[in-house]
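Sequence positions, counted from 1, serve as the residue numbers for this chain. Hydrogens, waters and symmetry mates play no part in the numbers below; they use all other heavy atoms, side chains included. Quantities reported herein were computed from a predicted structural model and do not represent experimental measurements.
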Amino acid sequence: MNLATEAGVATKIRRMADRVRWGHPALARHGIDPCRLAIDGDPGSPEAFSFLVLGDSGTGLHRRDTPQRRVAEQLLAHGADARFLLHTGDVVYPVGSSEQYPDNFIRPYREWIVGGEDWEQLRYDRLVFRVPFLPVLGNHDYYDLPLPLGLLAGVTAPPRRLLRSWIQLDVGWHGSFVGQAWARAFLDGLGAVPEAELEEHLVRTRTASVDGARCLLYRPGAFTRLPHRHYSVRWAGVDVFALDSNTFNQPLPAGADDGQLRRRRQRLDAERATLLLSLGPLGGDEDARDDRAAKAEQLDEQIRDIDKQLEGGPPAVDQEQLDWFADALIASWRNPDVRGRLLVLHHPPYVTETSKWDQGQTLAVRARLRGVLDRVAAALGPLPAGRPLIDLAFSGHAHCMEFLQTADTGHGDAHIPWLICGGSGYSLRRQRREGPDLLEGPAGSERVVARSRLFLGRSGRGSSLRRSYSALRVDVAAGTPLKLTLTPLVAEKAEGRWRPYRGAGIAV
């Protein structure tokens with residue numbers, strides 16, 4: 001039995017559309033862009049600013065000395081300067097349940113939330129942020145629990161609370177209900193607004209105007225909701241595009257590799273079964289418990305990736321979202337008021353983390369984003385010298401921090417710098433043994449399509465084991481063209497002790 005279940009692409013799209021009344025005639029009647037967000041206080045002019053990035057954070061496996069809180073404190077040290085926070089997905093683990101928001105999200109980030117000093121009294125679906133908090137959906141934010149596991153977890157919850165130092169199963173009665181908890185925490189849920197009150201709600205909340213269209217206004221400290229699961233927002237002349245990669249990451253069918261994949265799945269399934277049997281008493285060693293639980297979750301993800309490849313038939317793809325992104329990016333480049341473009345999504349198309357670099361989902365996201373960017377490049381023609389279509393892209397999913405850059409791929413994704421921020425509190429993973437260069441092409445004539453310049457995660461072994469949990473500060477210089485400086489914010493644990501991390505900033 002898998003540790004979690006996942007709805008199909010069409011179900012995810014439909015459920016999220018219902019939650020925001022996608023396509024409701026009132027939106028068109030009022031001239032509202034349903035995917036556009038404006039933040040109150042946007043200066044409009046190309047001034048300098050900074051923002052913060054985190055991802056793959058929402059763990060409840062640690063009870064005493066939580067890495068997530070250590071990273072949150074790193075973020076707080078830079079919070080006074082931040083104009084917004086980007087979250088690359090997997091807000092709460094392991095199944096995106098509303099039951100997990102109090103401990104796994106509200107508590108560690110309470111200083112960012114109005115009323116956070118009494119965080120235990122806050123409802124996850126009524127949060128108001130002091131600083132704009134802009135997340136995308138991760139795969140765990142969509143996960144649900146198999147019914148037998150949910151019943152077992154619910155029935156055993158009281159004794160598990162008493163025996164936290166002995167065993168920890170970080171689930172409750174239910175999962176996300178296909179992303180419902182994330183939607184209630186962050187979206188402006190028009191689906192919950194009675195029809196008779198919808199017009200008044202739209203007039204009251206869609207008070208901003210961007211590029212000639214009305215849109216939702218995000219007011220820090222007052223009303224802090226997003227318009228949809230994918231959206232765009234502009235600050236100081238920089239466009240940010242947030243995508244839901246869970247609906248275009250379906251791998252291509254296995255084809256001739258079917259037999260090899262099935263054998264690999266059997267090996268992974270056996271390894272997972274053996275590991276789950278070992279998740280018994282571990283004393284007070286939270287790191288050891290975290291390592292084993294994280295390994296089980298990693299194996300579950302790898303098995304799920306293989307299962308998706310073995311499903312057969314054409315993969316489901318959220319073409320509507322990809323078309324929206326292509327059109328929005330073209331419009332951004334043609335707008336003289338825009339000086340830069342950022343992208344954030346959960347699944348990375350390029351990564352050297354050991355369990356993700358060659359997954360079917362990784363390659364699927366690469367192919368589909370590449371197709372979109374090829375269309376954009378064809379529509380725009382030659383760009384200014386040295387300018388990629390995206391100035392910087394962010395993702396999570398791989399439990400590490402990694403900075404890499406695509407080479408001349410021969411496509412619209414050439415020369416894009418990628419920052420993977422997926423090590424903000426959950427388990428960490430290693431870089432692959434094959435090294436920092438990612439290759440494409442037939443055997444014997446491969447070429448480098450991306451190269452890793454920084455990798456922070458799990459490294460060393462035994463007494464030399466290091467865990468580098470991370471978030472990121474991004475400083476945007478004033479003026480045009482866009483110039484960025486990346487500063488890793490790292491909480492590093494080695495030899496059982498937390499210690500300072502000293503690393504240089506990265507100019508982009």
Side-chain angles (χ1 to χ4, degrees), residues 33 35-53 55 78 81-88 131-132 134 136 208 210-213 215 218 230-243 324-345 348-350 369 372-373 375-377 379-395 403-406 411-421 453 472-488 505-508:
D33 184 337
C35 295
R36 170 70 77 167
L37 180 70
I39 298 176
D40 195 22
D42 171 24
S45 58
E47 66 178 38
F49 69 95
S50 70
F51 63 93
L52 303 173
V53 188
H78 296 264
D81 300 328
R83 294 295 170 263
F84 54 84
L85 290 86
L86 297 180
H87 194 294
T88 62
V131 176
L134 310 176
V136 295
V210 178
D211 299 337
C215 66
Y218 193 108
H230 56 87
Y231 56 94
S232 65
V233 60
R234 182 177 302 157
W235 185 271
V238 178
D239 277 346
V240 181
F241 302 96
L243 300 182
W324 167 83
F325 177 44
D327 292 342
L329 186 56
I330 291 169
S332 177
W333 270 99
R334 290 175 173 169
N335 189 335
D337 294 330
V338 179
R339 60 179 174 134
R341 293 142 203 92
L342 308 176
L343 172 64
V344 57
L345 69 164
Y350 296 95
L369 276 183
V372 169
L373 295 175
R375 287 167 52 195
V376 173
L380 294 175
L383 297 179
R387 293 295 301 274
L389 284 172
I390 302 292
D391 292 283
L392 181 60
F394 302 94
S395 59
F403 179 69
L404 46 75
Q405 189 158 12
T406 55
H411 294 277
D413 63 352
H415 307 300
I416 293 177
W418 281 88
L419 195 292
I420 296 159
C421 191
R453 293 171 52 187
L472 182 75
R473 173 178 173 140
V474 181
D475 290 290
V476 182
T480 303
L482 200 66
K483 294 183 179 179
L484 309 170
T485 301
L486 315 181
T487 304
I506 304 169
V508 178

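Judged as a salt bridge (charged side-chain N to carboxylate O under 4.0 Å, His left out), and not counting sequence neighbours, Arg453 has no contacts. Considering only residues two or more places apart in sequence or on other chains, Tyr350 meets the side-chain hydrogen bond (donor to acceptor under 3.5 Å, both in side chains) condition with Arg370, Asp413. For Ala393, the side chain to side chain contact (heavy atoms under 4.5 Å, CB included) partners two or more places apart in sequence, or in a different chain, are Leu343, Ile390, Ile416, Trp418. Scored by the ring-ring contact (aromatic ring centres under 6.0 Å, His included) test, Phe403 finds no partners at all (sequence neighbours excluded). Residues forming a side chain to side chain contact (heavy atoms under 4.5 Å, CB included) with Arg473 (at least two apart in sequence, or on another chain): Ser50, Leu52, His78, Asp81, Asp475, Thr487, Leu489.
To the nearest 0.5 Å, atoms CD1 (Ile39) and CG (Leu37) are separated by 5.5 Å. How far CZ of Phe51 is from CG of Leu85: 10.0 Å, rounded to the nearest 0.5 Å. Separation of atoms NE2 (His415) and CZ (Arg387) is listed at 14.0 Å; rounding is to 0.5 Å. Between Ser395 atom OG and Leu243 atom CG the span is 11.0 Å, to the nearest 0.5 Å. From Trp324, atom CH2 reaches atom OH of Tyr231 across 9.5 Å, with rounding to the nearest 0.5 Å. With rounding to the nearest 0.5 angstrom, the OG1 atom of Thr406 is 9.5 Å from the CG atom of Leu373.
In this structure the side chain of Val233 reaches within 4.5 angstrom of the side chain of Leu134, judged on heavy atoms. Side-chain contact between Phe394 and Leu345 is absent, with no heavy atoms from C-beta onward closer than 4.5 Å. Within the 4.5 Å cutoff, the side chain of Leu482 has no heavy atoms near those of the Val508 side chain.
Under the side-chain contact (heavy atoms from CB on, under 4.5 Å) test applied with Leu419, the options Leu342, Leu486, Thr88, Val53 reduce to a single match, Leu486.
Annotation for Pro388 and Ala414: closest pair CB-O, 3.8 Å, computed over non-hydrogen atoms. Across Ile330 and Ala379, no two heavy atoms sit closer than the pair CD1-CB, 3.7 Å. Residues Pro384 and Trp333 share a closest heavy-atom pair of CD-CZ3, 4.1 Å. What you find for Val210 and Cys215 is that their closest heavy atoms are CG2-SG, 3.8 Å. Residue Ala377 comes nearest to Gly412 through the heavy atom pair CB-CA, 4.5 Å, listed as atom of the first residue, atom of the second, then distance. For the pair Trp235 and Asp40, the tightest heavy-atom approach, listed with the atom from each and the gap, is CZ3-O, 4.1 Å.
Each side chain to side chain donor-acceptor pair (under 3.5 Å) pair with one or both residues in residues 335-344, not counting sequence neighbours, appears once here: Asp211-Asn335, Ser332-Arg341.
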query = Step by step, would you call Ile506 with Thr485 a side chain to side chain contact (heavy atoms under 4.5 Å, CB included)?
reply = CA-CA 6 Å; Ile506 304 169; Thr485 301; over 6 Å; no

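A donor-acceptor contact shorter than 3.5 Å is absent between the side chain of Asp239 and the backbone of Gly340.
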